[in-house]
Number of protein chains: 2
Amino acid sequence: MSLKSLPITLHLNPDQDAEQKLLEIEKIITDELQDLDSKHSISNNQDKIIVWTSKNCNVTVMISYYSSKQLFSINCEMLEDYVLFRSNSIGDRLKKRLNFLLNANQEDSVEVIPMLKRDNPVPLYFLSSDYRIFQYDFEEVLVNENSPFQNIKILKSPTLGNCLLLDDLQNLAEADLPYTHGLMNYGSTNFKDKEILILGGGDGALLNELLKESPKFVTMIDIDEKVMLYCREYLRKACANVLDNFETEHYKIIVGDCIEYMQNYIASNRQFDIIFNDLTDIPISSEEKRDIIVDDNQKLWAFVKKILEFSLELLHPGGLYFNHAIGINCKQSLQEYENVLREIKKFQIEFSSHSRFVPSFLENWVFYQIKKIS
Amino acid sequence: MSLKSLPITLHLNPDQDAEQKLLEIEKIITDELQDLDSKHSISNNQDKIIVWTSKNCNVTVMISYYSSKQLFSINCEMLEDYVLFRSNSIGDRLKKRLNFLLNANQEDSVEVIPMLKRDNPVPLYFLSSDYRIFQYDFEEVLVNENSPFQNIKILKSPTLGNCLLLDDLQNLAEADLPYTHGLMNYGSTNFKDKEILILGGGDGALLNELLKESPKFVTMIDIDEKVMLYCREYLRKACANVLDNFETEHYKIIVGDCIEYMQNYIASNRQFDIIFNDLTDIPISSEEKRDIIVDDNQKLWAFVKKILEFSLELLHPGGLYFNHAIGINCKQSLQEYENVLREIKKFQIEFSSHSRFVPSFLENWVFYQIKKIS
C-alpha cells in the first residue's frame, strides 16, 4: 500500500476553550508529525477546519472542530515515502500527549483508531455480520471476477487457506471445516443411506463432507457455475475432487435456480430425507439497517420463507432441514428467524440451534436444525 | 459514538486527466452525500486538496490528490445527526460510481474501508500481533485504571466474556481456555505431583487449570497485585476462586518481581519440575518495526533470554519450560526466538511448538515446550 491513515477523536471538557485547545492540538500535531509547514484555515459558523500539509506533499492532517459536540476529529494521512510512515508508535505518542493536554488525570479521553493501511493491492478489510471491521491477512488475489449473479473473489491467506468471497461477503475458506460441520450438526446426525438435497453449496465443501457419511444419494443445486469451477481449482482443501464431475453414482450437481427445481420436485411428489439450505445468510434486520433498506429486508425474508416452506413440503415426515443463519451477535435477526419458524402452520416442526466459531468469519455462527414431525 | 469515517482510495489510470477526474469525483461525492454546500480548495504544487462542508456542519469531506502517486484519498466524516450516518450502503454506492468513473471494465480500482465508528464510549479497535485491526464487540468498560506497572482494562463482551487488556494488548478473556490449554500443552503433559513455578499469570487462569491436575505445589510470582485483585472480581470464569486466597496448602501467590525471586531460588539451589513463562509476548521484530525501535527490541530480547536462562537453571534435568510466544503470522519473531533457543550452550535442551486459535486474540497463537535434557 502507499497510504496510511490515523484517525483520532477527542472531546473537550465543558470548561475548556476550543480556540485555545485547537492551537495546542496543532502544536502537538506539527511537533510529532514532521514537515507540516503549510496551514489552511476554514471557518464554518462555530466550527473550524484546519488543514496542515507538507511542501513535499507526503503528509496531510485535517483537524476538524465540531462545536455542537465539542468534538475534535484529527485525520492524519501519510504517503509511503514519509519517514514516520512505518511506525505504529506515532499513534501511541499522539494519544499520550493529547490525553495530557485535555486532562492529565483522565485516561482515554482521546481515541486513536490504529493506523489504517490504504490502497492495498489485495483487499484486507471486511465486515462481520454485525458490521464490525476485521483486517485479514490476505496476501494474493487468485480470482476477482463478476459472474452473471455476483462478484466472485478468491483470496489467499497464510492462516485460512484460500478464501471464497461472494459480493465481498466471507463465504468459505479452506480452514472452515467448523462451518461445514456446524451446518451438518456433525456428530449428532446420521446421514447413512439418506436421500439428501443441497440448496446452494457451490463451494463443494458440504457435498465433500456428506459423501464421507455414505448417504444414498446427494442432489445439489447451485445457480452459479463459475463459483463451482473456481472452487474446484482453488478450494481443493475444502471440496477435494467432488466438483471435478457434476454427476456420479453418488451425487448430481445441477446448475440452476433451486426455486424452479423445488417447484418441479413438489409437482412430481419427489421427497428427501434431509435438505440443506446453504444459500445466502438470513437477512440482517437490526434497527440500524431497517431505517434504510426495509424493502430489501422484506424481500429477503420472503425469500427465506419461500425456501423454508418448499423444503418442508419436500421432506418426508421425520425429515431434517438444516440452515446456517448469521453471527451470534445479530440477536434481532435470529429472533426474527425463530418467529418465522414459529409461525409455520402447515407442518408440525420442532427446531434447535447451536453455534460454532468459523475461522474465516472470525465470529460464532449460528446453525439451525428443523425437524418435520408431520 | 457520535462520528463515523469512511476512507476511500483510488488511483488514476496513466492516461486520465487529474483535474477533470477531480471535478467528476466531487460531482459524485456531493451527489451522494447530501448537504455538502461549501467548497474550499487548497493547491500545493501539483497536489490538490478540496474540503467540502455542510452549512449545518454535520458532514465534511476532504478529497486529496497526491500527484506523485496519481492517488486520490477521500475522507468522509459524518456526525450522528447526519441522515445517511446509519447506513453502510453509502460506501457501496460510492464504490460503484467511482469505479465506473475510473474505468467501467475494471473491478476494484476503488478501495473503500468499511465505515469506522469513532468516539466510542467503549474502546473497540485493537491490533493483532501482526498489526491487523480488529473491531471487537465490547459493550462495557468494567475497569480502566493505571497500576504502577501498566494500564489495566477489563472490557465486557457478549461473546468473549470479560476480557483483560494490559496496556491495550489483549491478555486473556473468560472464553480463552484454548490459550491456557495451549500454554499447558494440555493432554500431552502430566502435571500430577509436580513442583511448578508460574512467572506472571496474574489473571489466575493458568493456576486454576493447573490445580485441577493435582500438582504437588504451584508457586506463582506476578508483579501487579492490582491485576489479580481485578481478575478475581471480573474474570471468575477463568480464575474461579484461586485468587481469593494468595496462599493455601496447594499453592502460593507472590506479589513481586520474578527476576529477583528466581535469583534467590538459584542462590538457594531450589529446583522445579515445570516452569511456565506467562509474562509478556516475545518481541515483535519484523523489519517494519525494527527501523524505529531497535533499542527497545534489543532490551526485550535480553529480557526474554534472561528469563529463559534463569528458568533452565532452576529446572531439574528432564524438567519442562512452557512459553507462549506470539501470533503465527509473526514469522520473523518466531524464527528469532528459535534462534535464541538454538544458541543456548549451558544446557542441553530440545523444543517443540504448536499453535491454537485464541478467541480474544482472533488469531492462532504459538506456544513452545522446552525440555531440559541436562
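Lettering follows sequence order; numbering is per chain, from 1. For the numbers below, each heavy atom of this structure counts, side chains included, while hydrogens, waters and symmetry mates do not.
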### Message
So for A:Pro158, is it side chain, backbone, both, or neither that comes closer than 4.5 Å to the heavy atoms of chain B?
### Response
side chain
### Task
Measure A:Asp47 against the heavy atoms of chain B and call it side chain, backbone, both or neither at under 4.5 Å.
side chain
### Task
Give a yes-or-no answer on whether the side chains of A:Asn364 and B:Thr159 include a donor-acceptor pair shorter than 3.5 Å.
no
### Query
Considering only heavy atoms, which portion of A:Phe134 lies under 4.5 Å from any heavy atom of chain B: side chain, backbone, both, or neither?
both
### Query
Do you know which of A:Asn45, A:Asp137, A:Ile328, A:Leu71 has the most heavy-atom pairs under 4.5 Å to chain B?
A:Asp137
### Side chain, backbone, both or neither of A:Asn75 within contact of chain B (heavy atoms, under 4.5 Å)
side chain
### Query
Say you draw a straight line from NZ of B:Lys153 to CG of B:Leu169; how long is it, rounded to the nearest 0.5 Å?
10.0 Å
### Task
Examine whether an atom of B:Asn44 lies under 4.5 Å from a heavy atom of chain A, and if so say whether it belongs to the side chain, the backbone or both; otherwise answer neither.
both
### Query
Without hydrogens or angle criteria, can the side chains of B:Thr60 and A:Tyr66 be said to hold a donor-acceptor pair below 3.5 Å?
yes
### Task
Please state whether the side chain, the backbone, both or neither of B:Lys331 comes within less than 4.5 Å of a heavy atom of chain A.
side chain
## Note on the structure
The interface call for A:Val51 against chain B, heavy-atom contacts under 4.5 Å, is side chain
### Query
Distance only, no hydrogens: is a donor on one side chain within 3.5 Å (strictly under) of an acceptor on the other, for B:Ser73 and A:Glu77?
yes
### Message
With a 4.5 angstrom heavy-atom cut-off, is it the side chain or the backbone of A:Ile133 that approaches chain B, or both, or neither?
### Response
both
### Message
Tell me whether the rings of B:Tyr136 and B:Phe138 are parallel (<30°), tilted (30 to 60°) or perpendicular (>60°).
### Response
parallel
### Residue part contacting chain B, namely of A:Ser64, when any heavy atom lies under 4.5 Å
side chain
### Summary
chain A shares the most heavy-atom pairs under 4.5 Å, among B:Val112, B:Ile8, B:Leu124, B:Asn56, with B:Ile8
### Query
How many angstroms lie between CG in A:Leu127 and CD in A:Gln170, if you round to the nearest 0.5 Å?
7.5 Å
### Query
Taking everything shown except B:Lys39 itself, do over 12 heavy atoms lie less than 6.0 Å from its NZ?
yes
### Query
chain B heavy atoms under 4.5 Å from A:Ser68: which part of the residue, side chain, backbone, both or neither?
side chain
### Query
Just by distance, with hydrogens left out, do B:Asn151 and B:Asn144 show a side-chain donor and acceptor under 3.5 Å apart?
yes
### Portion of A:Ile49 that has a non-hydrogen atom of chain B nearer than 4.5 angstrom
side chain
### Query
Should we say atom NZ of A:Lys55 is surrounded by more than 12 heavy atoms from elsewhere, each under 6.0 Å from it?
no
